[in-house]
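The next block holds one structure in the form of C-alpha cells; read it before the comments.
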Amino acid sequence: MANANAMIAPVAVLGVVLVFGTLFVSLGWITPVDVLPFALVAPGLSAPLLLLHYITHDLRHATGAAQRVQALLGTPVLEQPAPDRRQSPTGTEIRVEHVGYAYDARNKVLSDVSFTLKPGTVTAIVGASGAGKSTLARLLLRFFDPTDGHITLGGVDLRHIETSELYQRIGFVLQEVRLIHASIRENIALGRPSASQQEIEDAARAANIHERILGLPRGYDSMIGEDALLSGGEQQRVSIARAVLLDPPVLVLDEATAAADAENEVAIQDALSRFAQGRTLLIIAHRLDTVMHADHIIVIENGTIHEQGRHAELIARKGRYARLWTLGGYEEPQELAVPSC
Ligand code: ADP
C-alpha cells in the first residue's frame, strides 16, 4: 500500500515524466517543448489514480470481511435441549459409545469409538497427526455432535445437558487459545463473571501468569491486543487461568505447547500438572512421561481405536505401541503411524 502510494504520488509521476522526457530529448526523438504538456498534465492524473487505488483496496478489505462474516453465520449453532428433555448429570463419568463423526458426507473421520473416562483417572490419546484425536476431544466438549453413537456425562447424553452446566463440568485447554478483545480480568472471568478479584488472582497464580499480568501497564485492566500484548504461551496461561477459575471436575487438554518457548513451556507444564491433580483428565498426549503414567492409553489410527490399555499391558501385547518402544522410544505421536507388517 505504501509502495503503491509512493509510485503514484504527483512528485514521483513528475519525476518519471522528466526522466523519460530528458532521455527521449537526448536521443533526439522529441524536442524539449514536447515534454512540457506531459509535465503539466501527468501529475494531475495521479489524484484520480490514487482514488481508484484506495477504492480497490477498500473493496478487497470489505470482501474479506464479508467472507469472514459469512463463515461465522454459517457456523452451526448447537441446539440447546428442549426444557422437557433437559437433564442434570449425576456424577462425572464420561462414556463414549460407538461414536462416529464425519465433517462431510465423503469424509468419515471417526468410526465406532468407545471408551469410558472413569472419575479421577488420566486417559492419554495418542496417534499420528490426522488420526482424529482433536475431533474426538471436540466432540467431548460438544463443539459439534457425533454423527453416530453418543457421549454421556454422568449418565446423560451431552445433547440433553444445558450448555452452561456442561462447561461447569468439563473444562478445556486447547492449542488454539481464544482470548477476546477485553481486559485480562474479563478474559479470565469469562465463564464466571461474578468471580471476585481475589479468585481471579488466585487462578492467575495457579496458571503461573499473575506476575506477568502485574508487569503490564494497567495490570488486570490491560486490554488484550492493546496494552496487553502477550506471547502464544502467555495467552495459553491466561486460558489455563480461565479454566482454573471454573474448577471443573473433568478436563480436556491438548498437551502440545507448540506456541510456547522453553521458559513458557516449563511454566505451562507446571501450571497444568497442578491444575490436573485429582480431576478426570483426557489428554491429547505428546509427552513421554504423560503417556507412561496415564491410567489408560488409547491409540487412535485412521479414526478408530487401534489399541488401548495401560503402558505395561500395551508393551506386553507387542502391538503397535510396543513396537514403538522397542524401535527406540516414543518421541513424536507421528511415530505411532509406523505401518504394521
Ligand atoms: P489429529 O488431532 O489426530 O491430528 P484431527 O481430528 O484434527 O486429527 O483430524 C482428523 C481428520 O479430520 C483429518 O483428516 C483432518 O483433515 C480432518 N479435519 C479436521 N478438521 C476438519 C474440519 N474442520 N473440516 C473438515 N475436515 C477436518
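Worth saying up front: this structure is predicted, and the values here are computed from it rather than measured. For ligands, and for the atoms within them, numbers begin at 1 and follow the listed sequence.
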Handout entry: Parallel, tilted or perpendicular: ring planes of Tyr103 versus Phe144, cut at 30 and 60 degrees
Key = perpendicular

Handout entry: Worked verdict on Glu165 versus Ser88 for side chain to side chain donor-acceptor pair (under 3.5 Å)
Key = CA-CA 8 Å; Glu165 184 159 10; Ser88 222; 2.7 Å; yes

Fill in the blank from the handout: Looking only at heavy atoms, the pair that brings Glu234 and Leu229 closest together is OE1-O, 4.4 Å

Practice task
Select all protein residues for which some heavy-atom-to-ligand 1 distance is less than 4.0 Å, and list them by chain and number.
Solution key: Tyr103, Val109, Ala128, Ser129, Gly130, Ala131, Gly132, Lys133, Ser134, Thr135

Completion exercise
Between the CD1 atom in Ile161 and the CG atom in Asp157, the distance rounded to the nearest 0.5 Å is 7.5 Å

Practice task
Measure centre to centre between the rings of His306 and Tyr321, then say whether the value is under 6.0 Å.
Solution key: no

Handout entry: Output field: ring centroids Phe24/Phe38 closer than 6.0 Å
Key = no

